[in-house]
Chemist: 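Let me give you the structure first, and then I'll get to my questions.
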Protein chains: 2
Amino acid sequence: MTEYATTRIQRKNQALIFEAALDVFSSFGFRGATLDQIASTAGLSKPNLLYYYPSKEAIHSAVLTKLLHTWLAPLRELDENGDPIEEILLYVINKLHAARDLPRESRLFANEIVQGAPRIKSILETDLRHLVEDKVRILRKWIKQGRLAKIDPYHLIFSIWSLTQHYADFDVQVQAVTGQETSFDEAEVFLNHLYRRMLAP
Amino acid sequence: MTEYATTRIQRKNQALIFEAALDVFSSFGFRGATLDQIASTAGLSKPNLLYYYPSKEAIHSAVLTKLLHTWLAPLRELDENGDPIEEILLYVINKLHAARDLPRESRLFANEIVQGAPRIKSILETDLRHLVEDKVRILRKWIKQGRLAKIDPYHLIFSIWSLTQHYADFDVQVQAVTGQETSFDEAEVFLNHLYRRMLAP
DNA sequence: GTCTATAGCCTGATAGAC
DNA sequence: GTCTATCAGGCTATAGAC
């Protein structure tokens, strides 16, 4: 009974810490984030925070690895057996919605990568690279079959990442320039036009 | 005579500090950068560094404001009297070359903006916004004249920023995924295809 | 103008009471 | 499991000798 209660508290605190860490790391990057901020955001004391994780590095690593799977899910869904252009468009829209609904996740990775990805470089070179290679193979097949414009499949994927994540990572600039809340509906119309035109064989 | 010599030393040190600060701030962001790093990169002692600038904030601010003009130059060149598609393509290629030749500048701003642009938000809301508004006016005119596809001009500009700066800001990811040095020639071919297809009326 | 030395603060992490 | 108290180290910035 006591053990169940304890476990429930632990799970709740784990979740609080995770949310707080995502908030703070995505806003300030690894170096800019402080344990004080994370602890107070989670409603815990700093030593209590370090009871659950041994170090700042461990918290950051836990958040990154847990979210990487979520973050790469849309690309995994690109289906070899679907219609090329509709499959790519679906990926674009899914990524755009991810930028809208999960901006903290986007900025978490953006912060890490723009500073040279010191803590996830090896994952990028293995997991991400293998996933992209598999999808590049599919794209090359579609191009060979004449169902897609003759474009570099790597740069196509990079373009989708940059165009969609821009609305999350550089949102403050988008809002500063337009003077309005970022319109993801407008972005969707724009990207739909862009990729339909560009991908047609 | 002594004054001339002194001034020459000052100018040299100013230049050394500027280069070092750009190096360090662009690699680690404001919070991640340390005066120790900047001083040793510049070949100066830390107190000597602070003889030239009163604070870390002042160094960062000096670098940002000095580079902002350079950074926005390509957009300023967009010429109302030129051919719409060639003018936009020229801007795209100029921005891509800027990402290739000035990656530190790109990352300096990326670091600042991804963390909410606390130190340059007001500039984004005034100078950058006014510049973009002027160019949006030109783009709208071209669209009205039927010389350009009916697209949202703001999102067109955002797309150029994100697609080109991606190769500088997320270079480590591009290299991790492709396993090679980033090919700006390939990127140029890709972007040329993309914008010609997309912009045709 | 440039240095050594150091103040004063903040940060990550630990000790030990409860 | 959670707290208060605290340490050791790194940080920005300053004082003062030369």
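Values reported hereafter were calculated over all heavy atoms of this structure, with side chains retained and with hydrogens, waters and symmetry mates removed. Proteins get letters first, then strands, A, B, ... in listed order; numbering begins at 1 in each.
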Chemist: Check A:Arg196 with A:Glu86, please: is the shortest side-chain N to carboxylate O separation under 4.0 Å?
Modeler: yes

Chemist: Nearest to the side chain of B:Leu35, which nucleotide is it out of D:dT2, C:dA13, D:dA13?
Modeler: D:dA13

Chemist: For B:Ala58, report the nucleic acid contact type (base, sugar-phosphate, nothing); a contact means any heavy atom under 4.0 Å.
Modeler: nothing

Chemist: Base, sugar-phosphate, or nothing: which does A:Ala39 touch, judged by heavy atoms less than 4.0 Å apart?
Modeler: nothing

Chemist: Expressed in angstrom and rounded to an integer, what is the separation of B:Lys12 atom NZ from C:dT2 atom P?
Modeler: 10 Å

Chemist: Which nucleotide in the list C:dC3, D:dA5, D:dA13 gets nearest to the side chain of A:Pro47?
Modeler: D:dA5

Chemist: May I have the distance from A:Glu57 (atom CD) to C:dG12 (atom C1'), rounded to whole angstrom?
Modeler: 12 Å

Chemist: Starting the side chain at C-beta, find the nucleotide from C:dT14, C:dT2, D:dA13 nearest to A:Leu50.
Modeler: C:dT14

Chemist: Distance check: side-chain N/O of B:Arg31 vs OP1/OP2 of C:dT11, anything under 4.0 Å?
Modeler: yes

Chemist: Find the distance B:Phe28:CZ to D:dG10:C1' and express it as a whole number of Å.
Modeler: 16 Å

Chemist: Let me know the distance between CG of A:Asp36 and C1' of C:dA13, rounded to the nearest Å.
Modeler: 12 Å

Chemist: Once you round it to whole Å, what is the distance between P of C:dA13 and NE2 of A:His60?
Modeler: 13 Å

Chemist: So do A:Glu133 and A:Arg137 actually touch side chain to side chain, heavy atoms under 4.5 Å?
Modeler: no

Chemist: Using atom types as modelled and distance alone, determine if a side-chain donor or acceptor of A:Lys66 lies under 3.5 Å from a backbone N or O of A:Phe18.
Modeler: no

Chemist: Got a donor-acceptor contact below 3.5 angstrom from the A:Lys56 side chain to the A:Ala33 backbone?
Modeler: yes

Chemist: For C:dC3, does either OP1 or OP2 sit under 4.0 Å from a side-chain N or O belonging to B:Ser45?
Modeler: yes

Chemist: Would you check if the side chain of B:Tyr53 reaches a backbone N or O of B:Gln14 as a donor-acceptor pair within less than 3.5 Å?
Modeler: no

Chemist: Go nucleotide by nucleotide along DNA chain D from the 5' end; which of A:Tyr51 and A:Lys46 gets its closest nucleotide reached first?
Modeler: A:Tyr51

Chemist: What integer distance in Å separates B:Ile38:CD1 from D:dG10:P?
Modeler: 18 Å

Chemist: Could you check whether A:Tyr53 gets within reach of a base, just the sugar-phosphate, or nothing at all, counting any heavy atom under 4.0 Å?
Modeler: nothing

Chemist: Can you tell me the distance, in whole Å, between the CG atom of B:Leu44 and the P atom of C:dT4?
Modeler: 12 Å

Chemist: Check every atom of D:dC3, D:dC11, C:dT11 against the side chain of A:Thr34 and return the nucleotide holding the closest atom.
Modeler: C:dT11

Chemist: If only side-chain N and O atoms of A:Asn48 are considered, is one of them under 4.0 Å from the OP1 or OP2 phosphate oxygen of D:dT4?
Modeler: no

Chemist: Measure from the side chain of B:Lys56, starting at C-beta and using heavy atoms only, and say which of D:dT4, D:dT12, C:dA13 lies closest.
Modeler: D:dT12

